[in-house]
Amino acid sequence: MTRLFSHVLPLVLLMSLVGCGDDGGREIPPSAPVSGKVTLDGKPLGGAVIRFIFNDYASTGKTKADGTFLMATGAAIGDNKVVISKINRGEVELNPDEGMDDGQLEAMATSEPEGAGGGPDLGGEQLSEEYSDPEKSVLTFPVPADGSDVANFNLKS
């Protein structure tokens, strides 16, 4: 029995160390809970993706139908750039059960076989680049150490 433990214990310790790797050398900053509401022209903006970006670290959430959101893992403490994106799917209903995903539909829409007039309208980004483009977003939010429940963004079309 003692012999079994002398072989198993080092193996268990080695396995536990293998699972303790870092995050690719990237340091994860301290975070705090963040929630709020996104409106577009005064109306709740549901189904939008919201990202809080701090240096090279990003937290992502999604707005509910009433425009509210909760960052599941919180957001980095400090001044964050905020990016909000809302994709309008156009006239095409996506149905993963039928085997069509976003990439396949986009490829179908942009290809024009001979004699064809193009594909279906897939829609696109509903918000201006000043909100939806990470390079051009004018939105910021200072996340305090104790978090915030008033991260509200009133967007204009």
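All heavy atoms count here, side chains included; hydrogens, waters and symmetry mates do not. For reference, positions follow the sequence shown, starting with 1.
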Item to check | CZ-OG1 distance between F153 and T39, expressed to the nearest 0.5 angstrom | outcome: 10.5 Å

Item to check | Point-to-point distance, once rounded to the nearest 0.5 Å, from CG of L40 to CG of L155 | outcome: 6.0 Å

Checklist entry - After noting the C-alpha distance and the side-chain angles of Y131 and E125, does the key distance pass the side-chain contact (heavy atoms from CB on, under 4.5 Å) rule? => result CA-CA 10 Å; Y131 307 131; E125 180 61 56; over 6 Å; no

Checklist outcome for this item: Looking only at heavy atoms, the pair that brings K81 and E135 closest together is NZ-O, 4.0 Å

Checklist entry - Looking at side-chain heavy atoms only, is the closest gap between V49 and T60 below 4.5 Å? => result yes

Item to check | Check: T63 side chain, A48 main-chain N or O, donor-acceptor pair, under 3.5 Å | outcome: yes

Checklist entry - Same cluster for L70 and I50 if Ile/Leu/Val/Met/Phe/Trp/Tyr side chains link at under 4.5 Å? => result no

Next on the checklist: Tell me if a side-chain donor or acceptor on K86 pairs with a main-chain N or O of G46 at a distance below 3.5 Å.
Outcome noted: yes

Next on the checklist: Test side-chain contact (heavy atoms from CB on, under 4.5 Å) on M71 and F52; report intermediate values, then the result.
Outcome noted: CA-CA 9 Å; M71 303 304 283; F52 280 63; 3.7 Å; yes

Checklist outcome for this item: When every non-hydrogen atom of V150 is compared with those of F141, the smallest separation belongs to O-CE1, 3.9 Å

Next on the checklist: Ignoring hydrogens and geometry beyond distance, is a side-chain donor-acceptor pair present between S157 and D41 at under 3.5 Å?
Outcome noted: yes

Checklist entry - More than 12 heavy atoms of other residues, nucleotides or ligands under 6.0 Å from NZ of K64: is that the case? => result no

Item to check | Within-4.5 Å side-chain heavy-atom neighbours: L127 and I84 | outcome: yes

Checklist entry - Would you say V83 and D133 make side-chain contact, with heavy atoms under 4.5 Å? => result no

Checklist entry - Looking only at atom types and distance, does a side-chain atom of Y57 sit under 3.5 Å from a main-chain N or O of E27, one as donor and one as acceptor? => result no

Item to check | Over all atoms of both residues, closest heavy-atom pair of N152 and K37 | outcome: OD1-N, 3.0 Å

Checklist entry - Do we see a donor-acceptor contact under 3.5 Å between the side chains of E130 and S137? => result no

Next on the checklist: If you compare all heavy atoms of P44 against all heavy atoms of G67, which two are closest, and at what distance to 0.1 Å?
Outcome noted: CB-N, 3.8 Å

Next on the checklist: side-chain contact (heavy atoms from CB on, under 4.5 Å), that's the test. Do S31 and F54 meet it? Break it down for me.
Outcome noted: CA-CA 10 Å; S31 63; F54 181 82; over 6 Å; no

Item to check | Shortest non-hydrogen separation from A32 to V143 and the atoms involved | outcome: CB-CG1, 4.1 Å

Item to check | Shortest non-hydrogen contact from A75 toward V34 | outcome: CB-CG2, 3.9 Å

Checklist entry - When rounded to the nearest 0.5 angstrom, what is the spacing between OG in S85 and CD in Q126? => result 9.5 Å

Next on the checklist: Given 3.5 Å as the limit, does a donor-acceptor pair link the side chain of N80 with the main chain of V82, or not?
Outcome noted: no

Checklist entry - Looking at CG of N154 and CG of L45, how far apart are the two atoms once the value is rounded to the nearest 0.5 Å? => result 11.0 Å

